[in-house]
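Notes for the one structure printed next.
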Amino acid sequence: MALLIEDENRVRTLTLNRPEALNAFNEALYDATTQALLDAAEDPEVAVVLLTGAGRAFSAGTDLADMQAMISDPDFTPGKYGFRGLIEALSAFPKPLICAVNGLGLGIGTTILGYADLAFMSTTARLKCPFTSLGVAPEAASSYLLPQLVGRQNAAWLLMSSEWVDAHEALRMGLVWRICEPDELMPEARRHADILAARPISSLMAVKHTMVEPIRPEIAAATARENAHFAELMGAQANAAALADFGNRRR
């Protein structure tokens, strides 16, 4: 199973489970995660969703083999929801979302933190937005959400440099709320999830709605701007060269 789902005390834990691919999102994992968020949103027994990864990665972002196939394979079959469906589900998710960043996070493995109500990070984890190294635009409304979360200059560095950020730097920026030793990460994230899950779901949802509703149009507008740039840059010279280099390194 590419996604593990476990319920306990009104907390639904979603574990990205492609450890051999560093939990990179292929179409199947995008679809499974999106469906899990839609289901959790509707389930009256779920108060909080806790998202983490199996193995040494949180998520290595979009599977670059999939990205390459999307450009070059005429028989490529997109998933039911895909990347865009996941972003819509995250944007609309009406309950608390907690991320526990257990290992490296690239691309959506970092930009998903813009949708987290609380984010915990292992001291050994690292994050990167590799967009400029791939010759593409930002994604997941990160061009709007990251400046909101960490300020203009921190966001500019994250989105423009394609450099790694360690846990202490992520905490300093405000990209994550707490950092924990690796063996403390899940217990600490879980402890906070349990505190929230003990509250009335209707009240949790009211808080989330009043906090997020004002920015939902901005998220949609940012996503549209990013998609337009992405369409223009994907498959263009810089992106094609980056993907070809990735393909050569894999071989």
Would you confirm whether [X], through its side chain, and [Y], through its main-chain N or O, come within 3.5 Å as a donor-acceptor pair?
X: Glu88; Y: Tyr81; value: no
X: Asn102; Y: Gly53; value: yes
X: Ser203; Y: Pro200; value: no
X: Glu163; Y: Lys128; value: no
X: Thr52; Y: Ala100; value: yes
X: Asp117; Y: Leu97; value: yes
X: Glu27; Y: Pro78; value: no

For the residue pair [X] and [Y], establish whether any side-chain heavy-atom pair is separated by less than 4.5 Å.
X: Ile219; Y: Tyr144; value: yes
X: Gln148; Y: Glu218; value: no
X: Leu159; Y: Ser142; value: yes
X: Asp183; Y: Leu185; value: no
X: Leu38; Y: Phe93; value: no
X: Asn227; Y: Arg84; value: yes
X: Leu90; Y: Thr34; value: no

Within a 6.0 Å radius of atom [atom1] on [X], are there more than 12 heavy atoms belonging to other residues, nucleotides or ligands?
X: Arg56; atom1: CZ; answer: no
X: Glu20; atom1: CD; answer: yes
X: Glu42; atom1: CD; answer: no

- Message: Please determine whether salt bridge (Lys or Arg N to Asp or Glu O under 4.0 Å) holds for the pair Arg18 and Asp63, giving the CA-CA distance in whole Å, both sets of side-chain angles, and the decisive distance to 0.1 Å.
- Response: CA-CA 11 Å; Arg18 298 185 71 216; Asp63 194 311; 3.2 Å; yes

Can you see whether [X] engages [Y] through a side-chain donor-acceptor pair at a distance of less than 3.5 angstrom?
X: Arg172; Y: Asn154; answer: yes
X: Glu6; Y: Thr13; answer: no
X: Asp31; Y: Gln35; answer: no

- When every non-hydrogen atom of Ala40 is compared with those of Lys95, the smallest separation belongs to O-NZ, 2.8 Å

- Item | Electrostatic pair Asp166:Arg126 at N-O distance under 4.0 angstrom |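 Here Asp166 does not pair with Arg126 in a salt bridge, since their nearest N and O are not under 4.0 Å apart.
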
- Salt bridge Asp43-Arg12, side-chain N to carboxylate O under 4.0 Å: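 Salt bridge flag = yes for Arg12 with Asp43.
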
- Message: Measuring centre to centre across the rings, with the benzene-like ring taken for any Trp, is Phe25 within less than 6.0 Å of Tyr30?
- Response: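 Under 6.0 Å, so yes.
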
- Please step through side chain to side chain donor-acceptor pair (under 3.5 Å) for the pair Thr132 and Ser162, ending with a clear verdict. CA-CA 6 Å; Thr132 54; Ser162 294; 2.6 Å; yes

- Message: Would you say Ile87 ends up clustered with Leu149 if hydrophobic residues are merged whenever their side chains have heavy atoms under 4.5 Å apart, either directly or through other cluster members?
- Response: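 Yes, because Leu149 and Ile87 connect within a single hydrophobic cluster, where side-chain heavy atoms sit under 4.5 Å apart.
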
